[in-house]
Amino acid sequence: MVQSIAAGAAVPRGMLIADAWAQLGDGVAPLSNPSGRPLARTVKLLLDPLVLRPNLNPRFAGGMVGVEHVDELRRVLLDAGPALAATAAWFQLLKKARRRAGVTEGNPQDLYFQRCYELAHEHGDPRGVPDAESIAAEAVAEVRAERGEVTVDRLRRFMTDPDQVVRLAGLLQHAWEDRPAPGPAPQDGLTAFLDTCATKPDERAWKALAANGTGTAEAAELDRPRVALNYGLTARERPAPPALGDRASKRQLPPPFDRSIMERLFAAFTAAFHRESMADIPSMVVGEIHRSAAAWQLAEEPSRVAMALGRDASNGIDYWVDPPSTSDANARLQARYAREAYVHAVHRQPDPESTNVPDDLKHEILYVQVPYLRRLWARLHGRELRGETTAAADVWDLLDGVFRSVLLDQRDRLRRLLERDGGRS
Amino acid sequence: MTQFTVRRVRGRTAVESRQRPRPRIELDNALPPDAMKPDPECAALVEARGALLYWHVLDRHAHPDAEIYDIDLAADWLWEIYGPDAASAILNGDNTIATEWDSSVLDAARRLAHLRWAEAWWPSSHAAAIPALNTGLLRAEAAWRTAAVEHLLDDDEAVERALADADLTAAEALDPDLGAAALTAAVEAIAEDYGVELRREPVEPRREDWALAAGGSPTVDFALASGGGPVAWERVPQGLVDAAAGATWTLTQREGGLVVHVTVPAAPEPRDLRLAAAIGGVEIPLQLDPATGNFTGEAEAPQAFLILPASQRELWVHSPDFVREPVNAEEAPHRAAIIEYARERLTDPDASLAERAA
């Protein structure tokens, strides 16, 4: 597949990976898609973080790889071949164990890929391991316990224990009473960062934004009447302390700032997978109480900066007009929304302004910043709970990925209006 | 061999075939890429990472046009669609490329685009003898093709989304000679790999006999005036209105006054959704009448209706879900060609299972 290459040239990374992957043969087929390419999640969960590690090896990052690094990249992948084949074999075993255990929830790639990679390193190829099947069954049971009802049940019991309720309510009250007065807004570096984050993310500028407390300072406006309301973060005039809560369900969650402490943690339990990186339940609850009283109701400064960036990047995005953009990131999100209008027409979807579209959906389409900031908050909240750090290079992926996911959900909801019963049942 | 012009306009790269039918405008280098996109009813799309790929259904070239909005992201997979040489020419700033690249990824992408087109624009019609396609089957095939190109798609949950709509019930009921077994096995394996439970719905008996042609209006009243015309496709959902037959209206005198009656022939196997018609300022809600296979409705008309000039007696049919500005249906340039194309697809051995099984 690789053609003759002139010196100084660069080769698409995807082509190099495809080429090396093909040489790994049938052993990695369970990690491949029907075209024989590594699955998107194979790249995202295995090759990037565990094999190629572009964060440590910038020469393996990006769309193009310099010709002088081609052989090295191929060698790194081929060297990982046996481990990847063992990972693939474990994945097959875990899927079988999952079927046997009747587990249907969650995406097995998300749930098991990295676990299988660990098993591959610990035990090697399962075909040489006598009790491989029971190891696989155990792994499936563990993953299930970490995300499943067991955890939610323990959370519920902890938070409804009468002794705890009194103590936690006191903590919550104090946390909110002790909220610090907002400091002066530092020099705005947000726009400068938004101008380059999609193309040349600047790690120093990103670190400076957090070090200067820009995210916290930008949250000061949220306490003014209707500001957080207009961002869709609360349904109240201004944010108020949340309830502790004693129940939660996946459906119909209120806006982020109106969610009870229980609902916040519940949402993260069901959405997140790497429970092992999360704290134990009592400290998670206490942590969540403090988080709720913090700026943007998030605990870490980089997350708050990301909220401020998301706010500015999504500002002024309008269904009707194409306003002048305020930054490169803002222009990119606007362009995505403009493309969406053409895609709507091609998919022959209902017009959002028609009377048949429910008011809440219509509102979310016309004021897309509202669902956008809600989802961005939930993403950042989940990342905090899992202890994931955000580097400058991840910011645009996050800002753009959240926007995409909001638009695709809107699309699904519009399309359902045209199903046989008109989506009205 | 497909030849393309490559234009770079305001940060975007437009890869545009020279041979492809175009909207009715002259090529101008300053035109934004949007202006060159095919009309919606002809566009078969794939939303790739960093670029929109679009084929024109009336054009038989294998390679799509592209609007590349993030060249770094697109660089990763562009070679899968145009071949390594043409892709590198696009990345290196060439103004023209030509390619004969052929690959299973390109083929899967093209099939996926076509299936999505069929879901939105398949012109099912009694009048033109184009049967309806089975939606569950169409979507099962789309899920299969989606999985084959998931590594280059914009949506990182595209496979899950596609599987959520797939339904293998129809595929399992097909004549084995059509080759549905490969589809069923593949989709089941993909569903397991992504942890999606496939939905299965009992096959609904076809609600009307295929022989039932579009019936005329049952009205026996004496018509004072009448007329009709085609229905604008972009103002109604796919699969409701007969894509080839026209809508008709009649004005009659009843005891209470004037009544305008509208008849719109339904497509084969229509869903029971509401439609509406408008003529001369009168709004007429339409409902499916299963007995005649028509959407019908009537409303009182003012006496002034009789003296309206013919230009204002134009009948507009639309779904309440669609309020965008209509294009004059008579001028819609591609309708006849699309119906002809659909007819060919029904017997094309290379067409999708849903088309061959219809």
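Order of the sequence lines sets the chain letters (A, B, ...), proteins ahead of strands, with each chain counted from 1. Note: hydrogens, waters and symmetry copies are ignored here, and every other heavy atom, side chains too, is used.
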Could you look at [X] and say if it's the side chain, the backbone, both or neither that has a heavy atom under 4.5 Å from chain B?
{"X": "Tyr112(A)", "answer": "neither"}
{"X": "Asp400(A)", "answer": "neither"}
{"X": "Val343(A)", "answer": "both"}
{"X": "Asp328(A)", "answer": "neither"}

List the atom of [X], the atom of [Y], and the distance in Å for their closest heavy-atom pair.
{"X": "Asn107(A)", "Y": "Asp193(B)", "answer": "OD1-O, 3.7 Å"}
{"X": "Phe322(B)", "Y": "Pro350(A)", "answer": "CZ-N, 3.8 Å"}
{"X": "Pro40(B)", "Y": "Ala345(A)", "answer": "CB-O, 3.6 Å"}

Please check: side-chain N/O of [X] versus main-chain N/O of [Y], any donor-acceptor pairing under 3.5 Å?
{"X": "Ser354(A)", "Y": "Pro320(B)", "answer": "yes"}
{"X": "Trp77(B)", "Y": "Met15(A)", "answer": "no"}
{"X": "Arg13(A)", "Y": "Asp76(B)", "answer": "no"}
{"X": "Arg348(A)", "Y": "Trp233(B)", "answer": "yes"}
{"X": "Ser35(A)", "Y": "Val149(B)", "answer": "no"}

For [X], is it the side chain, the backbone, both, or neither that has a heavy atom closer than 4.5 Å to a heavy atom of chain A?
{"X": "Leu73(B)", "answer": "neither"}
{"X": "Glu197(B)", "answer": "side chain"}
{"X": "Val196(B)", "answer": "neither"}
{"X": "Trp121(B)", "answer": "both"}

Using a 4.5 angstrom heavy-atom cutoff, name the option from [options] with the most pairs to chain B.
{"options": "Arg99(A), Arg98(A), His347(A)", "result": "Arg99(A)"}
{"options": "Gly36(A), Pro34(A), Ala198(A)", "result": "Pro34(A)"}
{"options": "Thr199(A), Thr42(A), Thr104(A), Val65(A)", "result": "Thr104(A)"}
{"options": "Asp412(A), Val357(A), Ile17(A)", "result": "Asp412(A)"}

Are Met64(A) and Leu91(B) close enough that some pair of their side-chain heavy atoms sits under 4.5 Å apart?
->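 A side-chain contact under 4.5 Å exists here.
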Does Glu150(B) pair with Arg41(A) as a salt bridge, N-O distance under 4.0 Å?
->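 No.
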Salt-bridge criterion met for Arg336(A) and Asp154(B) (N-O under 4.0 Å) |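 Salt bridge flag = yes for Asp154(B) with Arg336(A).
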I would like to know whether Lys37(B) and Val346(A) meet side-chain contact (heavy atoms from CB on, under 4.5 Å); could you show each step before the answer?
-> CA-CA 10 Å; Lys37(B) 285 177 184 167; Val346(A) 168; over 6 Å; no
Heavy atoms of other groups near Asp26(A) CG, more than 12 under 6.0 Å =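 At most 12 heavy atoms, drawn from other residues, nucleotides or ligands, come within 6.0 Å of this atom.
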How about Glu188(B): does its CD atom have over 12 heavy atoms from other parts shown lying under 6.0 Å from it?
->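 Yes - once you tally the heavy atoms of other residues, nucleotides and ligands closer than 6.0 Å, there are more than 12.
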Applying a criterion of heavy atom separation less than 4.5 Å, what residues of residues 157-167 of chain B form contacts with chain A?
->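 Checking residues 157-167 of chain B against chain A gives Glu157(B), Glu160(B), Arg161(B), Asp165(B).
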What distance do [X] atom [atom1] and [Y] atom [atom2] have between them, rounded to the nearest 0.5 Å?
{"X": "Glu67(B)", "Y": "Tyr342(A)", "atom1": "CD", "atom2": "OH", "value": "9.5 Å"}
{"X": "Leu408(A)", "Y": "Asp155(B)", "atom1": "CG", "atom2": "CG", "value": "4.5 Å"}
{"X": "Arg332(A)", "Y": "Asp70(B)", "atom1": "CZ", "atom2": "CG", "value": "5.0 Å"}
{"X": "Tyr194(B)", "Y": "Leu39(A)", "atom1": "OH", "atom2": "CG", "value": "4.5 Å"}

Contact leader toward chain A among [options], where contacts are heavy-atom pairs under 4.5 Å:
{"options": "Ser104(B), Ala147(B), Ser319(B)", "answer": "Ala147(B)"}
{"options": "Ala148(B), Gly239(B), Ala75(B), Ala43(B)", "answer": "Ala148(B)"}
{"options": "Arg116(B), Arg139(B), Glu119(B), Arg145(B)", "answer": "Arg139(B)"}

Just one of Arg339(A), Arg404(A), Arg411(A) clears the salt bridge (charged side-chain N to carboxylate O under 4.0 Å, His left out) bar with Glu47(B), so which one?
->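 Looking at Arg339(A), Arg404(A), Arg411(A), the match for Glu47(B) under the salt bridge (charged side-chain N to carboxylate O under 4.0 Å, His left out) is Arg411(A).
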